[in-house]
Amino acid sequence: SASLIFTDTAANATASTHPILSVTTGASGQPVQPPPVTNPVASAQAAVNSSGGVSGYMSGIGLNLATLYFQYLQYQQSGSTTGFVPNLTQANIPTNDVSGTNVNVLVTSESTTVSQLQSSLQTLGMQVTLTSGNLIGGWLPISQIQNAALTHGLVSAAQATVAKTSTRNMGVVATPQNPSVVVAPINPTQMRAAYGLNLLPDSGAGETIAIVDAFNDPTIITDANAFSSAFGLPQFNATGGPTLTVLNENGTTSLPGNSPAGDDWSVEESLDVEWAHSIAPNANIILYEANSDAGLDLYVAVATAAANPKVSVISNSWGGGEFSGEQSLDSVFTTPSGHQGVTFLAATGDSGAPSGYPAYSPNVVAVGGTTLNITTAGVYQSEAGWSGSAGGVSQFESIPGYQIGKINGTSSTNRTNPDVSMDADPATGVFVVDSTVTGSTTQFLQIGGTSLATPLWAGVVALADQVRANASLSTLDRSE
């Protein structure tokens, strides 16, 4: 049987908000028909919960999604001639989860029935935008929620809008004044020296780093080159130099809209690009901009990046709370068949324990954060775990083989993270150019967070992959 995972809850939702129920059918095998709807919430509660010893007849659908469905039934019964407009506040569903009269869904199937399931869902009107292993994602008509659930088995709820792991913005800072001891911001030369990367002859040449973020950053190439000029790094897209390519979640050049007012995905994108470039200055970078920060869009972008034959490492500085059924998404974070090895990196978060998804996936390298103290020359002085760095034991993911007996008794049954760490404390953060926010390519922001540590590690992996390529070895993936 298959299970649908509907993206009908906000980021950081917990498993307790996602009931999984069985379906009850009539003697003929047909579903119990819903009564006339007077209150969508009350009707949804009756549909998803037991009543008088009879199980709810909407198979495992969370209250949020069931409410959306009963709003549609109420609209039908009203005889209204105007178009159906869902009440997302009443249903407690984020705006990005609904487009017109369609809702984001993620569906997992048995491996032998993926194509049949996809065909069946498309018959119901689903627009499929993601296929990865046993996972199918796309937009399902709200009117078909009950039919999809009854036809395709259990339904559970997953996070919808996925948060950045808090690019900790300390505001505009002055250019370096060469104090005797650096607290922050740290520049690229100092960072490479602090971690000994300046001792390597490798610079990431020949490797391609993919970065997945949401919305368009209209000034990313200009900002990245201004940053490079300020700190003596190679210019992007110059003859013989590294390239910076910006694509949408499907891998084409029609870019999404800019992030909503007050959101700072542009800062996230500048941070990710500029600091992956700082560690691996000659690596090529492809920035995949998802249409929104809805989980489905970001997972589509990850799958698209992984399918690019040039990509060997993918940086994801975003995530949300864990949820029942998250294991079905793990297949997105796997090296495609016949592809060179791909390392998937995910930030653990910036609010202390617990961490979230996808950082808890056993298929990713979960990146935590430290507080790094150095001299002006970049000489390493000390380093300690940053208090804001998230981590801990997963609620749902089983312990992977590579952690058994190697995590000091933290857990003998479940996945733990982080796996690795690097500088993240905003107080020991870095310079970032983002003219979308500051209005100038000559002003710097001071930024920290595991959103910094993750692209730093992407650069490190690119350096390692170059070394391996020079030795005629394959690029790294999670098993190495």
Any chance you could measure [X], atom [atom1], to [Y], atom [atom2], to the nearest 0.5 Å?
X      : Y      : atom1 : atom2 : result
Ser315 : Leu456 : OG    : CG    : 9.0 Å
Asn225 : Leu244 : CG    : CG    : 7.5 Å
Ser394 : Glu326 : OG    : CD    : 5.0 Å
Met191 : Ile186 : CE    : CD1   : 4.5 Å
Leu445 : Ile447 : CG    : CD1   : 5.0 Å
Leu88  : Leu68  : CG    : CG    : 7.0 Å

Could you check whether any side-chain heavy atom of [X] comes within less than 4.5 Å of a side-chain heavy atom of [Y], counting everything from C-beta outward?
X      : Y      : result
Pro260 : Phe215 : yes
Ser278 : Phe231 : no
Ile314 : Val342 : yes
Ser421 : Trp386 : no

Using the rule given for side chain to side chain donor-acceptor pair (under 3.5 Å), can you reason through Thr219 versus Thr436, listing the C-alpha separation, both sets of side-chain angles and the distance that settles it, and then say yes or no?
CA-CA 6 Å; Thr219 61; Thr436 296; 2.7 Å; yes
Criterion side chain to side chain contact (heavy atoms under 4.5 Å, CB included) on Gln127 and Asn102, from CA distance to verdict:
CA-CA 9 Å; Gln127 178 188 355; Asn102 299 294; over 6 Å; no
Assess the side chains of [X] and [Y]: does a donor N or O sit below 3.5 Å from an acceptor N or O?
X      : Y      : result
Asn284 : Thr243 : yes
Gln340 : Ser312 : no
Ser355 : Asn417 : yes
Asp465 : Thr475 : no
Asp330 : Tyr357 : yes
Asn363 : Thr334 : no
Ser270 : Asp272 : no
Ser440 : Thr442 : yes
Asp223 : Ser435 : yes
Asn250 : Thr304 : no

If you compare all heavy atoms of [X] against all heavy atoms of [Y], which two are closest, and at what distance to 0.1 Å?
X      : Y      : answer
Pro354 : Ala390 : O-CB, 3.7 Å
Thr416 : Gln403 : O-NE2, 2.9 Å
Ala283 : Pro242 : O-CB, 3.4 Å
Ser451 : Ala347 : N-CB, 4.4 Å
Ala194 : Leu372 : CB-CD2, 4.1 Å
Ser266 : Asp217 : O-OD2, 3.2 Å

What pairs with [X] under side-chain contact (heavy atoms from CB on, under 4.5 Å), at least two apart in sequence or on another chain?
X      : result
Ala276 : Ile209, Ile211, Ile285, Pro455
Leu247 : Thr245, Thr253, Ile286, Tyr288
Leu473 : Arg468, Ala471
Ala193 : Asn198

Spell out, as yes or no, whether a donor-acceptor pair under 3.5 Å connects the side chain of [X] to the backbone of [Y].
X      : Y      : answer
Glu207 : Leu463 : no
Thr450 : Gly349 : yes
Gln190 : Thr376 : yes
Gln466 : Asp202 : no
Gln381 : Asn373 : no
Asn414 : Ser398 : no
Glu289 : Val246 : no
Asn248 : Ser254 : yes
Glu274 : Val433 : yes
Gln446 : Pro426 : yes

Apply side chain to side chain contact (heavy atoms under 4.5 Å, CB included) to the pair Val332 and Phe344, showing each step before the final yes or no.
CA-CA 10 Å; Val332 174; Phe344 298 84; over 6 Å; no
Which pairs count as salt bridge (charged side-chain N to carboxylate O under 4.0 Å, His left out) when at least one residue sits in residues 412-438, sequence neighbours excluded?
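Sorted result for residues 412-438: Arg415-Asp419, Asp419-Arg478.
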Before you tell me yes or no, could you show the steps for Thr67 and Gln90 under side chain to side chain donor-acceptor pair (under 3.5 Å), namely the whole-Å CA-CA distance, both residues' side-chain angles and the distance that decides it to 0.1 Å?
CA-CA 8 Å; Thr67 300; Gln90 182 186 61; over 6 Å; no
Give a yes or no on whether the ring-centroid distance for His277 and Phe236 is below 6.0 angstrom.
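Yes; Phe236 has its ring centre under 6.0 Å from that of His277.
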Between Trp457 and Tyr195, is the ring centroid distance below 6.0 Å?
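Judged by ring-centre distance (under 6.0 Å), Trp457 and Tyr195 do not meet the cut-off.
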Evaluation steps, side chain to side chain donor-acceptor pair (under 3.5 Å), between Ser229 and Gln235:
CA-CA 7 Å; Ser229 294; Gln235 292 286 296; 2.9 Å; yes
What residues, two or more places apart in sequence or in another chain, satisfy ring-ring contact (aromatic ring centres under 6.0 Å, His included) together with Tyr360?
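With neighbours one apart ignored, the set is empty.
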Kindly assign one of parallel, tilted or perpendicular to the pair Phe431 and Phe444, based on the angle between their ring planes and the thresholds 30° and 60°.
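Perpendicular: the ring planes of Phe431 and Phe444 meet at over 60°.
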Check step by step if side chain to side chain contact (heavy atoms under 4.5 Å, CB included) holds for Thr370 and Ser389.
CA-CA 7 Å; Thr370 66; Ser389 179; over 6 Å; no
